[in-house]
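Chain identifiers are assigned alphabetically (A, B, ...) following the order of the sequence lines, protein sequences preceding nucleic acid strands; residue numbering begins at 1 within each chain.
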Amino acid sequence: MKKKILILSSLVFLLALLFVFLGLRKETVTLPPSFPTPTPVKVVFPPRKGITNISPLQKTIVGETTTDAVEKLPNLEKKETFLAGETQYSFVSFFATRPNQILMKNNRAIFERIIIPENPNEIGHVKISQLTSSFGKPEKIIQGSLFYGPFSSTYIYSNRGFAFVGNAYSDWVHEIHLFSPMNSETYIKTFGEDIKEGPPEPERLYE
Amino acid sequence: MEQEEQKRHQSRGFLSRSIDALNTARSIRTFATGVRLAGATASLLPVWLPIAVVIFILLATFLIVGFTGAPGTPGTPAAGPQQPHPTSPPNPPITPPAAPSDLRQAISGQFGITMNGFDQQHLQWAWDKLWDVSRTNFITLVRGTTITASSDSEQTGCKTIRLAQYGPQELFNVALIHELGHIILNCSKAYAYEQEHAGVWRTEGGVTRYAQTACTYPPQNRGSWQFRSEDYAEMITYYLNPTAWAQTARCAGRQLNPYLNNGYPLHYNLAKKVLGAYP
């Protein structure tokens with residue numbers, strides 16, 4: 001009797017090993033063919049509250065996140081306080097010369113800038129086409145960026161509390177801005193300092 | 001005394017005999033157990049053997065299939081993330097083939113670059129240089145560009161360039177690659193390593209005097225983008241023109257190639273990452 005139990009248990013063990021092996025093998029074959037995509041978008045109302053989940057790199061919910069929470073965030077580079085009572089926190093980003101930023105006023109986040117990784121294999125990388133297919137046509141597109149050059153544009157969805165800067169040709173999103181829903185003129189005036197309309201600056205190597 | 005010694009000897013003999021007997025008994029028991037086990041195993045063999053063989057074959061099959069790829073497509077790698085760069089095309093011959101009679105058409109057909117308004121001499125130089133760099137990823141990254149002959153040189157649109165018909169050939173090659181270098185950074189669909197370049201630029205500074213000064217722009221218009229953009233184009237230019245003098249812009253003068261004597265290693269390595277090995 002004991003022998004039979006021994007034989008049966010050995011068989012069961014071997015079969016279990018086989019199934020575990022098959023399961024593991026299946027996992028490696030069915031790897032997703034593309035890089036991680038952002039989590040599904042959720043627009044929150046009432047509109048004074050900013051968008052909650054546009055990127056896995058998002059650190060705040062505009063109108064809700066407090067100074068205490070921001071001060072606990074890692075990779076803080078710089079903290080600046082302005083006369084208007086705003087405090088700007090700069091964090092290390094994927095772009096050596098362009099930090100992630102959070103602007104606070106009255107103990108609440110009022111603006112967040114998220115630098116998007118260019119590497120398609122990095123979490124948080126997103127394409128313009130992906131955002132426009134999720135959110136539809138932007139309220140306004142303005143070509144020309146001080147930091148990213150004349151071939152990049154700002155895509156404004158200010159009524160929904162966000163905008164992003166990207167290059168239409170490469171389809172790469174450089175950065176996302178989050179803020180309280182407002183009209184596009186107010187966004188441009190308040191947070192649109194990088195917008196620079198106009199044709200490329202002439203280079204003229206040997207004029 | 002002698003009697004006592006004899007007694008001790010006898011008792012020792014008795015002890016050693018007893019131990020010997022015990023050892024023999026143990027050996028017999030061990031042997032008997034072995035025989036019993038062997039007998040049991042032997043009796044199980046007809047049951048175990050086919051099952052063990054089947055399991056072994058199954059495991060071996062799955063192991064082999066697992067290592068060689070998906071079933072039915074041996075050697076095919078599993079689907080993974082898209083490669084940021086295409087693999088380098090096979091190395092072209094060292095000397096380009098005899099130039100075709102219609103060079104403009106040949107450049108368009110071979111490299112996907114349209115050159116409008118250039119004379120035969122500059123088309124020939126363009127053909128030679130593009131052929132030379134076609135062993136790298138460069139052509140893939142700039143394919144689809146239209147270059148128009150002009151009195152000066154600049155990128156005017158995402159895939160459009162104005163280029164002067166400079167001489168000598170070295171200067172023309174430098175300006176040609178420089179302007180096409182802007183296309184890679186600003187308008188290529190491929191991963192151009194712009195973010196990594198910003199780190200390299202911050203660490204090593206501009207790779208040439210022109211990259212350091214951006215002197216073709218009015219001072220009030222020289223911002224971060226102008227410096228980074230010119231540095232990127234210069235990084236590409238002198239990687240693909242390793243024997244040329246740094247001479248992209250008149251206002252920056254003429255210096256030695258920045259990569260001589262292992263100069264600007266971070267720039268050089270990034271150019272290599274973007275374009276592949278050259279020459």
Side-chain angles (χ1 to χ4, degrees), chain A residues 3-4 6-7 10-11 13-15 17-18 21-22 24-36 93-98 115-122 125 127 144-152 167-172 174 194 196 198-207, chain B residues 40 44 47-48 51-52 55 58-59 62-63 65-66 69-70 78-82 84 151-159 164 166 171 175 178-179 182 185-196 198-203 210 216-218 221 223-226 228-230 248-250:
Chain A
K3 285 172 203 161
K4 280 182 184 173
L6 186 75
I7 293 162
S10 305
L11 261 174
F13 175 71
L14 279 169
L15 280 171
L17 260 181
L18 188 69
F21 173 75
L22 280 174
L24 283 175
R25 197 184 140 270
K26 205 171 184 181
E27 208 170 289
T28 55
V29 170
T30 54
L31 271 174
S34 58
F35 40 84
S93 82
F94 289 98
F95 212 120
T97 53
R98 185 111 172 138
I115 304 298
I116 301 299
E118 179 190 13
N119 186 340
N121 298 319
E122 286 282 355
H125 174 89
K127 303 261 183 222
S145 155
L146 259 178
F147 189 81
Y148 297 104
F151 303 106
S152 292
N167 182 317
Y169 195 84
S170 66
D171 204 24
W172 169 37
H174 299 298
D194 181 61
K196 190 198 174 203
E201 200 76 48
E203 191 177 8
R204 298 194 182 111
L205 297 177
Y206 273 80
E207 191 176 43
Chain B
L44 283 174
V47 186
W48 261 109
I51 297 167
I55 289 168
L58 274 172
L59 270 172
F62 282 114
L63 272 171
V65 172
Q82 227 178 350
S151 58
D152 215 328
S153 307
E154 61 193 354
Q155 184 185 11
T156 51
C158 212
K159 284 275 186 180
Y166 302 116
L171 174 60
H178 176 92
E179 295 306 338
H182 282 308
L185 177 66
N186 297 325
C187 297
S188 169
K189 283 196 190 299
Y191 176 19
Y193 295 90
E194 181 176 354
Q195 289 179 337
E196 195 170 329
V200 166
W201 174 69
R202 193 169 71 169
T203 309
Y210 180 48
T216 57
Y217 300 96
N221 292 350
S224 167
W225 183 78
Q226 278 77 19
R228 282 185 290 113
S229 168
E230 294 310 331
T248 309
R250 176 176 287 138

Exercise. Non-hydrogen atoms of chain B under 4.5 Å away: do they reach the side chain of A:Asp171, the backbone, both or neither?
Worked result: neither
Quick one: of [options], who has the most non-hydrogen atom pairs under 4.5 Å with chain B?
options	answer
A:Arg98, A:Glu203, A:His174	A:Glu203
A:Tyr148, A:Trp172, A:Phe95	A:Phe95
A:Phe94, A:Phe151, A:Tyr169, A:Tyr206	A:Tyr206

Seminar exercise, completed: Greatest number of non-hydrogen atom pairs under 4.5 angstrom with chain A, of B:Gln195, B:Arg202, B:Glu230, falls to B:Gln195
Exercise. B:Ala164, B:Ser224, B:Gly199, B:Cys187: which one forms the most heavy-atom pairs within less than 4.5 Å of chain A?
Worked result: B:Cys187
Select one option (side chain, backbone, both, neither) describing which atoms of [X] are under 4.5 Å from chain A's heavy atoms.
X	answer
B:Glu179	side chain
B:Leu185	neither
B:Ser151	neither

Just how far is it from atom [atom1] of [X] to atom [atom2] of [Y], taken to the nearest 0.5 Å?
X	Y	atom1	atom2	result
A:Phe147	A:Asp194	CZ	CG	8.5 Å
B:Asn186	B:Glu194	CG	CD	7.5 Å
B:Ser188	A:Asn167	OG	CG	9.5 Å

Exercise. If we only count heavy atoms from C-beta on, is the A:His125 to A:Lys127 side-chain gap below 4.5 Å?
Worked result: yes
Exercise. Quick one: are B:Val200 and B:Tyr193 in side-chain contact, heavy atoms under 4.5 Å?
Worked result: no
For this session: Classify the ring geometry between B:His178 and B:His182 as parallel (under 30°), tilted (30 to 60°) or perpendicular (over 60°).
Result: perpendicular
Problem set entry | Test item: side-chain donor near acceptor, B:Asp152 and B:Tyr166, under 3.5 Å | yes
